[in-house]
Amino acid sequence: MSTSIGVVIPTRGNRPEQLRAATKAALDQAYPGTIDLVIVVDGASPEKVAEQVADVIAPRDATAGHHRVRVLPNRLSPGLPGARNTGIAACDTDLIAFCDDDDMWLPGKLAAQVRRLEPGAEFASCAIEIAYGSRRVPRLAGTDRVTKADLIRSRMVMVHSSTFLFRRGALWVDESAPGGQNEDWDLALRAARRQPIVHVDRPLVRVAWGASHYVARWADRIAGLEWMLARHPELAVDPRGAARIYGQLAFHNAALGRRREAGRWALRTFAARIGEPRAPIALAVAAGLIPASAVLSLLHHRGHGI
């Protein structure tokens with residue numbers, strides 16, 4: 001019997017075109033097992049969202065064959081973590097997969113990851129293709145196994161929530177993540193603590209870069225990083241990993257005009273690793289030499305983030 005997969009797509013209902021594309025790409029996977037696709041609506045009308053995807057679902061007959069599609073309201077805490085957990089709770093499948101409503105799976109994604117999970121692993125990811133405007137930038141990990149140490153040293157953007165495939169019941173999203181920030185990194189770290197994440201190192205998910213409403217919510221991003229440092233103290237142990245986080249905190253504070261806080265975090269960045277580039281960038285933003293938005297635009301054009 002083929003392994004069944006529950007696909008959880010959270011949405012606020014404000015990106016209907018992208019949601020339709022994400023839904024279609026999930027249903028178009030050439031996968032022989034059951035796909036139970038759950039669109040979880042957070043803070044909007046499920047009926048309205050159901051209408052948005054009706055043209056994608058109707059031609060397939062959502063109740064026929066080995067596909068099932070449901071549109072449900074978020075029944076847990078408001079926000080992305082609660083929406084993801086609502087989707088997990090609604091499924092009785094062997095595996096759970098996540099996809100953001102503005103991302104899109106590429107052909108063969110599920111089949112390739114299920115093959116990697118077969119030896120008994122719990123959690124799988126894959127490389128991504130970053131889409132920013134007309135540009136497409138592949139981001140590879142250079143490995144077929146991602147360890148906890150890897151995720152401490154680097155956030156590893158290719159271990160993205162839209163690549164996650166894991167055994168149902170093994171993990172839940174932490175709904176205490178402030179503003180839904182870093183809930184995916186936290187989940188991946190907890191998974192890697194149990195055993196290494198198996199990784200398919202070819203781009204099987206197209207990720208829309210810079211389009212998320214989370215990108216410029218500076219205060220939430222600061223709170224999310226501080227939450228991670230408190231929740232995972234080991235993040236402050238690796239000099240390169242700690243410097244990256246401190247540099248991000250310096251940049252986010254600079255973007256908010258908090259020059260003193262930006263300077264304090266920049267000093268901590270230099271103390272952890274003198275060569276960390278985020279610190280001078282943050283100081284340039286704090287000094288008014290370049291806007292934070294311009295920095296992000298330049299980085300996103302290259303398929304990177306701060």
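No hydrogens, no waters, no symmetry mates; every other heavy atom, side chains included, goes into these values.
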Minimal non-hydrogen separation, [X] against [Y], with atom names:
| X | Y | answer |
| --- | --- | --- |
| Asp101 | Ala22 | O-CB, 4.0 Å |
| Ile281 | Val295 | CG2-CG1, 3.8 Å |
| Pro46 | Val71 | O-CG1, 3.5 Å |
| Gly224 | Gln181 | CA-CB, 3.8 Å |
| Trp105 | Ser162 | NE1-O, 3.0 Å |
| Pro239 | Ala272 | CB-O, 3.5 Å |

How many angstroms lie between atom [atom1] of [X] and atom [atom2] of [Y], to the nearest 0.5 angstrom?
| X | Y | atom1 | atom2 | result |
| --- | --- | --- | --- | --- |
| Asn253 | Arg221 | CG | CZ | 12.5 Å |
| Leu95 | Leu117 | CG | CG | 6.0 Å |
| Arg244 | Leu249 | CZ | CG | 10.5 Å |
| Arg139 | Ile130 | CZ | CD1 | 5.0 Å |
| Asp103 | Trp209 | CG | CH2 | 9.5 Å |
| Leu27 | Leu37 | CG | CG | 5.5 Å |

*Flag the pair Phe251 / Trp218 as yes when their ring centroid distance falls below 6.0 Å, and as no otherwise.*
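So the answer is yes for these two rings.
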*If the plane angle is over 60° it's perpendicular, under 30° parallel, otherwise tilted; pick one for Phe98 and Phe164.*
tilted
Between the main-chain N or O of [Y] and the side-chain N or O of [X], is there a donor-acceptor pair closer than 3.5 Å?
| X | Y | answer |
| --- | --- | --- |
| Thr269 | Trp265 | yes |
| Ser297 | Ser293 | no |
| Arg259 | Ala286 | yes |
| Asp94 | Ser4 | yes |
| Thr93 | Gly6 | yes |
| Thr11 | Val41 | no |
| Arg240 | Ser154 | no |

*Test side-chain contact (heavy atoms from CB on, under 4.5 Å) on His232 and Arg193 and set out the steps.*
CA-CA 11 Å; His232 301 279; Arg193 184 180 293 145; 3.2 Å; yes
_Arg145 atom CZ, over 12 foreign heavy atoms within 6.0 Å_ = no
Are any of the side-chain nitrogens in [X] or [Y] under 4.0 Å away from the carboxylate oxygens of its partner?
| X | Y | answer |
| --- | --- | --- |
| Asp174 | Arg231 | yes |
| Glu261 | Arg264 | yes |
| Asp28 | Lys109 | no |
| Asp36 | Arg70 | yes |
| Arg84 | Asp100 | yes |

*asked:* Checking Asp144 against Asp201 for the side-chain contact (heavy atoms from CB on, under 4.5 Å) test, could you report, in this order, the C-alpha distance in whole Å, the side-chain angles of both residues, the deciding distance, and whether it holds?
replied: CA-CA 6 Å; Asp144 62 0; Asp201 205 29; 5.9 Å; no
*Could you point out which residue of Arg194, Arg116, Arg167 forms a salt bridge (Lys or Arg N to Asp or Glu O under 4.0 Å) with Glu122?*
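For Glu122, the salt bridge (Lys or Arg N to Asp or Glu O under 4.0 Å) check succeeds only for Arg194.
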_Consider side chain to side chain contact (heavy atoms under 4.5 Å, CB included). Of Arg278, Glu276, Arg268, Arg273, which one does Tyr246 pass it with?_
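Considering Arg278, Glu276, Arg268, Arg273, a side chain to side chain contact (heavy atoms under 4.5 Å, CB included) with Tyr246 is found only for Arg268.
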*Just do the side-chain contact (heavy atoms from CB on, under 4.5 Å) check on Arg302 and Val137 with the steps written out, would you?*
CA-CA 7 Å; Arg302 298 177 58 192; Val137 181; over 6 Å; no
*asked:* Is it true that Asp184 and His160 share a donor-acceptor pair across their side chains at a distance under 3.5 Å?
replied: no
*Begin with the C-alpha distance, continue with both residues' side-chain angles, and end with the deciding distance and a verdict on side-chain contact (heavy atoms from CB on, under 4.5 Å) for Val69 and Val53.*
CA-CA 10 Å; Val69 182; Val53 296; 5.7 Å; no
*Side chains of Asn182 and Leu225: closer than 4.5 Å at any heavy-atom pair?*
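Touching, per the 4.5 Å side-chain cut-off.
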Same apolar cluster: [X] and [Y], side chain cutoff 4.5 Å:
| X | Y | answer |
| --- | --- | --- |
| Ile5 | Trp172 | yes |
| Val114 | Ile88 | yes |
| Val146 | Met228 | yes |
| Leu106 | Val200 | no |
| Phe270 | Val285 | no |

